[in-house]
Amino acid sequence: DVKVTQSSRYLVKRTGEKVFLECVQDMDHENMFWYRQDPGLGLRLIYFSYDVKMKEKGDIPEGYSVSREKKERFSLILESASTNQTSMYLCASRVRDKTNEKLFFGSGTQLSVL
Amino acid sequence: GNSVTQMEGPVTLSEEAFLTINCTYTATGYPSLFWYVQYPGEGLQLLLKATKADDKGSNKGFEATYRKETTSFHLEKGSVQVSDSAVYFCALTLNFNKFYFGSGTKLNVKP
C-alpha cells in the first residue's frame with residue numbers, strides 16, 4: 001500500500017524561525033501536495049508539484065515556499081514563521097493518471113508557532 | 001469559482017441510526033466528486049468517488065450519488081457503527097491538480 005510519511009507529528013517553533021516540513025512518498029507518484037487544515041475551513045491548498053523541480057501555487061501560498069529536488073520528497077518551508085501559521089499541515093500524493101484521481105495523505109504535522 | 005459546501009457538525013447519532021451528511025458544490029465544469037474520511041490521529045482516506053452525473057459511489061456501507069441537477073453529493077449510510085466516528089470531507093476536482101475540499105463534518109456515534 002502507498003505510504004506518505006511526514007517527518008514530524010508535532011512541532012513547536014518560535015515566531016521568525018525558518019521551518020521545514022518534510023514529506024516522503026514511496027510509490028513513485030508524480031504529483032504531490034501541501035494542504036493546511038483549520039477548523040471550519042477544511043483543507044486549503046498551499047502548493048502542489050507535478051514533477052521534480054516543478055511547482056505551482058495553490059490558493060494560500062503567501063508565507064510559504066516548497067522544494068522538490070527528488071521525486072519522492074516534497075518539502076514545505078515557512079521562511080519566517082508567524083502565529084497565524086499555527087495549523088495542521090497535510091501532505092498528499094497521487095499518480096499522474098487522469099483515470100485515477102485518488103489522493104494518498106500523510107497523517108499530518110501539527111505545527112504550533114509561539 | 002469552484003467550491004464545496006457541507007453541513008456543519010458535529011453530528012451525533014446512536015449506533016444503527018441512519019446517516020446523511022449533505023454536500024453541495026459549485027464548479028466551472030464537470031467535476032469528479034469524492035468523500036474522504038479522517039479517523040482520529042490519521043490522514044484522510046478516500047471513502048468513495050463518482051466521476052460523472054448519476055454515478056453512485058459506495059464503500060463500507062456508505063453511498064453517495066452524483067446529482068447534477070441539484071449539484072449535490074450527499075453521503076448516506078443505513079446503519080452507523082461506533083467505528084464510523086470520524087471527520088468526513090466532501091471534495092471535487094476538475095483537473096486532477098486542484099482538489100477542493102469542504103470544511104468537514106465530524107460524526108460521533110454513541111453505543
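Heavy atoms only: backbone and side chains are in, while hydrogens, waters and symmetry mates are out. Chain identifiers are assigned alphabetically (A, B, ...) following the order of the sequence lines, protein sequences preceding nucleic acid strands; residue numbering begins at 1 within each chain. Keep in mind it's a predicted model, so treat the numbers as computed, not measured.
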Undergrad: Need one label for Phe34(B): side chain, backbone, both or neither, based on atoms under 4.5 Å from any heavy atom in chain A.
TA: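 Interface part for Phe34(B): side chain.
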Undergrad: From Lys77(B) NZ over to Asn59(B) CG, what is the distance, rounded to the nearest 0.5 angstrom?
TA: 9.5 Å
Undergrad: Distance-only criterion, 3.5 Å: show the donor-acceptor pairs between side-chain atoms of residues 105-114 of chain A and protein atoms not counting sequence neighbours.
TA:
from: Thr109(A); atom 1: OG1; to: Gln6(A); atom 2: NE2; distance (Å): 3.3
from: Thr109(A); atom 1: OG1; to: Ser8(A); atom 2: O; distance (Å): 2.5
from: Gln110(A); atom 1: NE2; to: Ser87(A); atom 2: O; distance (Å): 3.3

Undergrad: Considering residues at least two apart in sequence or located in another chain, which fulfil the side-chain hydrogen bond (donor to acceptor under 3.5 Å, both in side chains) criterion with Ser85(B)?
TA: none
Undergrad: I need the full list of side-chain hydrogen bond (donor to acceptor under 3.5 Å, both in side chains) pairs touching residues 99-111 of chain B, with sequence neighbours left out, sorted by first then second residue.
TA: Gln6(B)-Thr105(B)
Undergrad: Could you walk me through whether Glu63(B) and Ser58(B) pass the side chain to side chain donor-acceptor pair (under 3.5 Å) check?
TA: CA-CA 4 Å; Glu63(B) 292 183 341; Ser58(B) 61; 5.5 Å; no
Undergrad: As an exercise, state the distance from OG1 of Thr26(B) to CG of Asn2(B), rounded to the nearest 0.5 Å.
TA: 6.5 Å
Undergrad: Nearest 0.5 angstrom please: Leu33(B) CG to Thr51(B) OG1, how far?
TA: 9.0 Å
Undergrad: Among residues 34-68 of chain A, which residues come closer than 4.5 Å to chain B, judged by heavy atom distances?
TA: Tyr35(A), Gln37(A), Gly40(A), Leu41(A), Gly42(A), Leu43(A), Leu45(A), Phe48(A), Lys57(A), Gly58(A), Asp59(A)
Undergrad: Among Val4(B), Leu46(B), Val87(B), which residue forms the greatest number of heavy-atom pairs with chain A at distances under 4.5 Å?
TA: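 Top count of heavy-atom pairs under 4.5 Å with chain A: Leu46(B).
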Undergrad: Non-hydrogen atoms of chain A under 4.5 Å away: do they reach the side chain of Glu8(B), the backbone, both or neither?
TA: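 Contact with chain A involves no heavy atom of Glu8(B) at all.
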